[in-house]
Structure formats: structure tokens, C-alpha cells
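Working notes for the structure below.
These values consider heavy atoms only, across backbone and side chains, with no hydrogens, waters or symmetry-generated copies.
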Amino acid sequence: MIHMAEIKLMEREIEAAVRVLRSGELRQGKECERFEAEFAEKVGSRYAVTCANGTAALHLSYMTILEPGDEVLVPSFTFFATCSMVVMAQGKPVFCDIDPETFLIDLKDAEKKITSKTRAIVPVHLFGNPCDIDRIVTFAKKHNLKIVWDAAQAHGATYKGKDVGAFDELVCYSFYPSKNMFVGEGGMICTNDTQLYEKLRYMRTHGQTGKYYHTMWGLNYRMTDVEAAIGKEQLKRLDEMLSVRRRNAEFLNKRLAAIPGIRPQKVTSYGEHAWHQYSVIVNKEEFGCSRDALSKQLGEKGIVTAVHYPKGVHQQPVFKEQDEKISLPNTEYAAENILSVPVHHGLSQSDIERIVEAIHEVRQEF
Ligand SMILES: Cc1ncc(COP(=O)(O)O)c(C=O)c1O
């Protein structure tokens, strides 16, 4: 079976976790501090703040910049938390469509949705494909918006040679298993802003600025030292894992783009993709069968695939009630036709060749 993710820990990662367990330092402590320093250095940001998971990273970031009722431009084609955490921070997500080729937020659509209440934009580096950062920064300056980058899937992605974690104002990561680096449950927020950094650290621990002294709202969103110890070890092999993902994706790009009806995600100009997911659009008419039929056939041939995502967030029941009239054609088309195939660092060259071969076989069978 060829699976969608390689989530086995290396021996030295297990040893690091055991060392922390033996030390009795179970809560957030020195290991978290070291992980923050090493992660910040790796991506080139001034500060990094560990937290419970990627959802918490987004929630805390939104809490630092939003006032109740503020509107936030979000792509609808993303994981639910990008948008739901805006609601949890008392803001209002305003759903934007995506570019049909890169699958990233479409600024032309976003511009139409600006109002006097728009306070922030949340570009998602979806599947590890970096957004066109210069264009987004210019857009945000023009409209006086804060930027929260959702980099949950983009560890190691770069734009014009600079890591996506080094940009202003807030960059949110997840370390969920399946991500390019993982600790179990964990998150990180990178920032270059000292005030935001301090606020994030307080909010992560109940808004406590002195012992049992609370000057702002907050939550318990701390990471544990066990997770940080695993994260520090994973960080050491991030480049190695990324280079395998990139090699796999390069092979898939060459071979799959040649198959009629299969269109891989277009990489942003000046961007270096981190290939958290390798996703293609399946054009039923040209390919010969639908995305769902292809997925089923590949499953029968021992290749596990996944759909990221089967709905735009604006189509989720919990949001549909609020925003019934929204139509985002590129998001809806992608949700119906997108398919992710394995690309992770645990695959061998023969696994990757098998994936391509199996897609060819399915095409011939229909
Ligand atoms: C784009 C995106 N944003 C946010 C998250 C939330 O991260 P976590 O699962 O660590 O809470 C994820 C993780 O699945 C994600 O893919």
C-alpha cells in the first residue's frame, strides 16, 4: 500500500521525547524555548512562539489584531480553521475565491470585498505553494490591512529565496502528523514585531502578565516540552525531508502534466514549493473518468489518495447559514475535481513511478 503520509518518528526523536519524560519537565519550559529559538533562526524571523497546534496559532494571531466585528479576507479553499478561528476571535471571515491554477487567494476577488470594516487578510500557502508575497504586501499596504500568513502546510517554502516564515506580520505553522514536520499536536507563530510577540506569549497563558494577574484575555494554548523536543529533532532533518518531497514532486510534475485531463497545481513565480500535498485537477471529459472514480481505482491498485478539500469553507453547513448567497466558482470547481496523491519523504522512486503508472492504467481502463 502506498499511503498519503510518512509519520514514523526516528529513533533520536523518540529518545529526545523519553529524555524529557525522564526529566519530569512535562509542561512548557526550556525545550520549548530552545525550539522557538531554533525555529526562528531556521526561517529567519525575529521571534517564534510555540503553541498547542496550528488552530491555536491562528486563534492567538487573530486575537492580537482583531476588534469585535472586524472583517478578515480569507480564501474559502483551505482547511476550516483558517476561517473558523476568525469567528472565535470575534471577527467575520469574508470568503474570497482562488486562482484556478495556483489554488491561492485571488486578490482581484478580495479587492471587490473590501469594506470600511476590513482589517486583515489571511493568505494561505496552500499545500506548501507560497503566495505571491510582494503582491499581497502591496495590496495590504494599499488597503491598510494586517497580514496573518497561514503557513500550516508550508514549512520550508520560500519566496524570492526567503523563507515564508520571515515575513511580517504573523506567520502560523502546524506540526500535526502528515505535515512536513510534525510533533503530534503543536503549532508555532513567527513574527518580527516585539509587541505582537509579547502579547502572543501572554495570551498563550491566560493573558497572565504576572503570577495570577491577568491583564488581557487568553487561553491555555501551551505546547509541552515533550513535543518541543521532538520538534527540535525534526527541524534538523526538515531539509532532507523537503528535498525528497521536491524530488518526488518534480518527477510527478513531468510525468503527470503529460496525461490529458490531469492538471497539477501551478507553482507561484519566484516561489519554491514545500509540497506538503501534491494535488491535481482531474478534468473528467479529458481524462475519461471523474476524480472520485480515479481515486477509487487507485485505491484498488494499492495507492491511497485524498481530497483536500471536498468543499469550500463557505459551503460548510456552519457557514452556509450565514452566507447563503456566496458563489465562488473556482473554489467550487476545485472542490469537485481536485485529488491529492502521495508525495511524502517516505516514498521510494519505485513508489513514485508506480503512482504515475497506475494513473495511466486507470485512463486506459476507461
Ligand atoms: C491550512 C491549515 N490551517 C490550519 C491548520 C490547523 O492546524 P492544526 O491541525 O495543527 O490545528 C491546518 C492543519 O490541518 C491547515 O492545513
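Residues I133 and H125 form a side-chain contact, since some pair of their non-hydrogen atoms from C-beta on lies under 4.5 Å apart. H143 places a side-chain heavy atom less than 4.5 Å from the side chain of I114.
In this structure, the ring pair (Phe, Tyr, Trp, His ring centres under 6.0 Å) partners of Y197, at least two apart in sequence or on a different chain, are Y47.
E227 and T224 share a donor-acceptor pair across their side chains, judged by distance under 3.5 Å alone. Under 3.5 Å, the side chains of E240 and H345 contain no donor-acceptor pair of N or O atoms. N192 and S45 form no side-chain donor-acceptor contact under 3.5 Å, judged by distance and modelled atom types alone. In summary, the side chains of T50 and E36 do present a donor paired with an acceptor at a separation below 3.5 Å, with no hydrogens or angles considered. Of the N and O atoms on the side chains of E71 and T115, at least one donor lies less than 3.5 Å from an acceptor on the other residue. Under the 3.5 Å distance criterion, with hydrogens and angles disregarded, a donor-acceptor pair is assigned to the side chains of T102 and D99. For the 3.5 Å distance criterion, the side chains of T215 and T209 qualify, holding a donor opposite an acceptor. Under 3.5 Å, the side chains of Y221 and H59 contain a donor-acceptor pair of N or O atoms. Side-chain contact, D70 with Y62: no donor N or O sits under 3.5 Å from an acceptor N or O. Side-chain N/O atoms of T331 and S76 include no donor and acceptor closer than 3.5 Å.
In this structure, F77 and Y309 have perpendicular ring planes: the angle between them is above 60°, well past the 30° mark.
The two residues L126 and T78 come nearest to each other via the heavy atoms CD1-CA, 4.1 Å.
With respect to the salt-bridge test (charged N to carboxylate O, under 4.0 angstrom), the residues R19 and E15 do not qualify. Classification of R263 and E101 as a salt-bridged pair fails, no side-chain N sitting under 4.0 Å from a carboxylate O. Between K113 and D109 there is a salt bridge, since at least one side-chain N of the basic residue sits less than 4.0 Å from a carboxylate O of the acidic one. Salt bridge annotation for R255-E353: absent, with no cationic side-chain nitrogen under 4.0 angstrom from a carboxylate oxygen.
For K160 and Y270, the positive end sits near the middle of the six-membered ring, less than 6.0 Å away and at most 45° from its axis.
Here the options are M10, E13, M181, the test is side chain to side chain contact (heavy atoms under 4.5 Å, CB included), and the partner is E233; only E13 passes.
Checked against the 6.0 Å centroid criterion, the rings of F35 and F175 qualify as a close aromatic pair.
Taking CD1 from I359 and OG1 from T305, the interatomic distance works out to 9.0 Å, rounded to the nearest 0.5 Å.
Within a 6.0 Å radius of CZ in R363, more than 12 heavy atoms belonging to other residues, nucleotides or ligands are found.
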